[in-house]
Protein chains: 2
Amino acid sequence: MTIHHQPDKAAPNKDLIDAVRAFNRFYTRQIGLLDEGLLKSAFSLTEARVLYELAHREGLTATDLGRDLGLDAGYVSRLLKKFERLHLISRVTLVSDARQSSIALTPAGRDAFAPLNKDSHDQVAALLGRLPASEQERLVKSMRTVQRLLDDNAEPKIPYLLRPLQVGDIGWITRRQGMLYAQDYGWDETYEALVAEILAAFVKSFDPKWERGWIAEREGEVVGSVFVVRKSDQVAKLRLLYVEPSARGLGIGKRLVEECIGFARARGYKTLTLWTNDILTAARHIYQAAGFKLIEEEPHHSFGKDLVGQNWDLEL
Amino acid sequence: MTIHHQPDKAAPNKDLIDAVRAFNRFYTRQIGLLDEGLLKSAFSLTEARVLYELAHREGLTATDLGRDLGLDAGYVSRLLKKFERLHLISRVTLVSDARQSSIALTPAGRDAFAPLNKDSHDQVAALLGRLPASEQERLVKSMRTVQRLLDDNAEPKIPYLLRPLQVGDIGWITRRQGMLYAQDYGWDETYEALVAEILAAFVKSFDPKWERGWIAEREGEVVGSVFVVRKSDQVAKLRLLYVEPSARGLGIGKRLVEECIGFARARGYKTLTLWTNDILTAARHIYQAAGFKLIEEEPHHSFGKDLVGQNWDLEL
DNA sequence: TCATTTACTTGACGGAGTCAACTATATAAG
DNA sequence: CTTATATAGTTGACTCCGTCAAGTAAATGA
């Protein structure tokens, strides 16, 4: 149903900019507080950051370190020399390029890093420990969101996964569908109510043998869903297909429809049918590509708009 | 319905700690990148931070600056001396304490700060500009969440406000109620479905003269809600009262119930009734305090549990 | 009145980080 | 193959950010 192209980039407004700046000032201080604890160690803050990188990644070169931590090449060179003198690291010249060498912590290096690591861990644990568990999760979720949005090359390893319905999903799907259609097509709150009604009925009369829902999840967030419900022995109905704007272009819509078709076939249905509206072109393309045929169209007035409803069928 | 005491603090698990640490490393780098742009100016980073504070707050003392920015007192003293020499600030000894003085930017100080401020503003604008508008808002919302959770003394100015229902609310309320009751009482997904059904019906048959919903919002987030629906000319029913755990203790539940009672009275109803379950003790206290009387109790099996339903009435 | 604390100042100092020049190797162009 | 250019890393020289400790003056408390 709601599937269309990625939204365009937009010039930010002042309130948002100020909020980001306020956050930056706040977090500058926050990081400063956390770093204070580490200052008592034999290593400077930057040395600790370098050790952290070395402890968690393999085969780094001096340039890698400088780039990823934003450090001056000369400074990195000196740091590494110091570490080498203390026997904390070992360097192996790369066969592919004799200018570079692969840097690794020695066992002594790991020993030196361990207490630093523990201090940092404990300090964050203390910070988190001040909050109740549910708030801890909200915090981490928000941090992940910030990080993913700001980090260009932070694409999740798993683009998305499909899972069955769980508590909280039907409310979320109701909300998102309601908001998306209101935003994109000006539909009123009766559409959101319709989604709520459909999902409530789905759960109440759920028959696992004949019906199923799929939730597409990405980084712990719901980014799409679809449902198959039983109309009769012969006919199943695909309902409420949607994909979040932020997750479009990954083939999630196509995949969800394929799952429906596979399920309907496996359960022996003869026909998979669906109802949609003509303005939802992106969804239509998916249905067409999957082999659905337009059966009939009829105008209707719903959700505060004049619309043209469409019934599509796929013979299984 | 769901109103109970604040949850306890909990020892954080390792995944959450690691996620926070990852975020700290990420944001250390992020702030470093943003700061690079400011380095070309005549002021050091810390000087710029001090100027920012002075430009945005009045009547600061040297100690205030040092405390809020986490700086050494000696260093602050020197910075201020330099600023004074450049005629960027003026100091007025406090009458209440001759050791302290109130620091203010001079017009020249404001002029010196303006380009710094603009650079920082533009840089953040560029950062945000890379994202589509909807993502910009998600980013800022997440940042606000992080800041509010970590900043002890960052209570919002307005504790909460009440507003009417809008698109997206019924899904959100459905989700949150479903999740809260699942978590706290082990109710299954049929409760969430029931909430969805009630809210769908509310919207579909909504009669503004006789019915109303209130949403409690705090910092742009829904933290509670309640609905009054018409049962007959004489009888109104209060439904779906809930307050987010994070927003409890602010009197939101009491306020929501009061709104319902006021509305029911104003519309000429004779009775306000409600159905709840005996295990929801915090909600019961609110009803009792508002004058509701327990009319009847009866056991029932719903949402996967054995429960005792209660009907409460308030004569208006 | 005297001891203690607080706000700020000042001298002395260290080391984190920068800049530019340099060597050695790799890559691209002709 | 030769030559020009780019990249990886090193090193000397330097700056100045920020810390530490000692000191002064005022405020507070006993």
Side-chain angles (χ1 to χ4, degrees), chain A residues 28-29 31-33 35-54 59-86 89-104 116, chain B residues 28-29 31-33 35-54 59-86 89-104 116:
Chain A
T28 297
R29 180 93 182 88
I31 288 172
L33 287 175
D35 288 346
E36 267 173 34
L38 294 176
L39 281 176
K40 59 173 190 271
S41 85
F43 298 100
S44 79
L45 209 62
T46 309
E47 286 171 335
R49 290 173 71 202
V50 169
L51 285 177
Y52 187 95
E53 287 297 310
L54 290 173
L60 286 168
T61 65
T63 311
D64 293 336
L65 281 169
R67 179 179 17 81
D68 294 353
L69 298 178
L71 305 174
D72 178 80
Y75 186 36
V76 171
S77 176
R78 252 182 273 275
L79 283 185
L80 293 177
K81 181 158 288 181
K82 177 183 170 189
F83 286 163
E84 209 166 22
R85 185 162 38 76
L86 296 170
I89 61 167
S90 61
R91 288 195 255 199
V92 182
T93 305
L94 295 185
V95 287
S96 60
D97 184 340
R99 295 170 305 176
Q100 305 186 71
S101 42
S102 169
I103 306 161
L116 288 184
Chain B
T28 298
R29 179 92 183 89
I31 288 172
L33 287 175
D35 289 346
E36 266 174 34
L38 294 175
L39 281 177
K40 59 173 189 272
S41 83
F43 299 100
S44 81
L45 211 60
T46 308
E47 287 171 334
R49 289 175 71 202
V50 169
L51 286 177
Y52 187 96
E53 287 297 310
L54 291 173
L60 285 168
T61 65
T63 310
D64 293 337
L65 281 170
R67 178 178 19 80
D68 294 353
L69 297 178
L71 304 175
D72 178 81
Y75 186 36
V76 170
S77 176
R78 252 181 273 274
L79 282 187
L80 294 176
K81 180 158 287 181
K82 177 184 169 189
F83 286 164
E84 209 166 20
R85 184 162 38 77
L86 296 170
I89 60 167
S90 60
R91 287 195 257 198
V92 182
T93 305
L94 294 185
V95 287
S96 61
D97 185 340
R99 294 171 306 177
Q100 305 186 72
S101 43
S102 168
I103 306 162
L116 288 185

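Every value quoted in this text rests on a predicted model; they were computed, and no experiment measured them. We use all heavy atoms of the structure for the numbers below, so side chains are in, but hydrogens, waters and symmetry mates are not.
Between B:Leu65 and B:Leu54, the closest side-chain pair of non-hydrogen atoms falls below 4.5 Å.
Annotation: salt bridge (Lys or Arg N to Asp or Glu O under 4.0 Å) contacts involving residues 42-51 of chain B, sequence neighbours excluded, comprise B:Glu47-B:Lys82. Screening residues 64-74 of chain A for side chain to side chain donor-acceptor pair (under 3.5 Å), with sequence neighbours left out, gives A:Arg57-A:Asp68, A:Thr61-A:Asp64, A:Asp64-A:Arg67.
Partners of A:Arg78 according to the salt bridge (charged side-chain N to carboxylate O under 4.0 Å, His left out) rule, which considers only residues two or more places apart in sequence or in another chain, do not exist here. Applying the salt bridge (charged side-chain N to carboxylate O under 4.0 Å, His left out) criterion to B:Arg99, with sequence neighbours excluded, gives B:Asp97. Every residue meeting the side-chain hydrogen bond (donor to acceptor under 3.5 Å, both in side chains) condition with A:Arg91, not counting sequence neighbours, appears here in chain and number order: A:Glu84. Qualifying side chain to side chain contact (heavy atoms under 4.5 Å, CB included) partners for A:Ser90, counting only residues two or more places apart in sequence or in other chains: A:Ala104, A:Thr106.
Taking atom CG of residue B:Leu79 and atom C1' of nucleotide D:dT19, one finds them 13 Å apart after rounding to whole Å. Between the CG atom of A:Leu80 and the C1' atom of C:dG17 there is a distance of 15 Å, given to the nearest Å. As rounded to whole Å, 15 Å separates atom C1' of C:dT9 from atom CZ of B:Arg85. Rounded to an integer number of Å, the gap from B:Tyr75 OH to D:dC16 P is 11 Å. Nucleotide D:dC16 holds its P atom 15 Å from the CG atom of B:Leu45, rounded to whole Å. One atom, CZ of A:Phe83, and another, P of C:dA16, lie 10 Å apart when rounded to the nearest Å.
Going from atom CG of A:Leu79 over to atom OG1 of A:Thr46 covers 7.0 Å, rounded to the nearest 0.5 Å. Interatomic distance, B:Ile89 CD1 to B:Ser102 OG, rounded to the nearest 0.5 Å: 10.5 Å.
For the OP1/OP2 pair of C:dT6 and a distance below 4.0 Å, the side-chain nitrogens and oxygens of B:Thr63 include no atom meeting the criterion. OP1 and OP2 of D:dA8 both lie 4.0 Å or more from every side-chain N or O belonging to A:Thr61.
Using a 4.0 Å cut-off on heavy atoms, the residues of residues 66-74 of chain A that approach DNA chain C are A:Asp72, listed by number. For DNA chain D, the residues of residues 90-100 of chain B within the heavy-atom distance limit of 4.0 Å (strictly under) are B:Asp97, B:Ala98, B:Arg99, sorted by number.
The base of C:dG11 lies close enough to the side chain of B:Arg78 for a donor and an acceptor atom to sit less than 3.5 Å apart.
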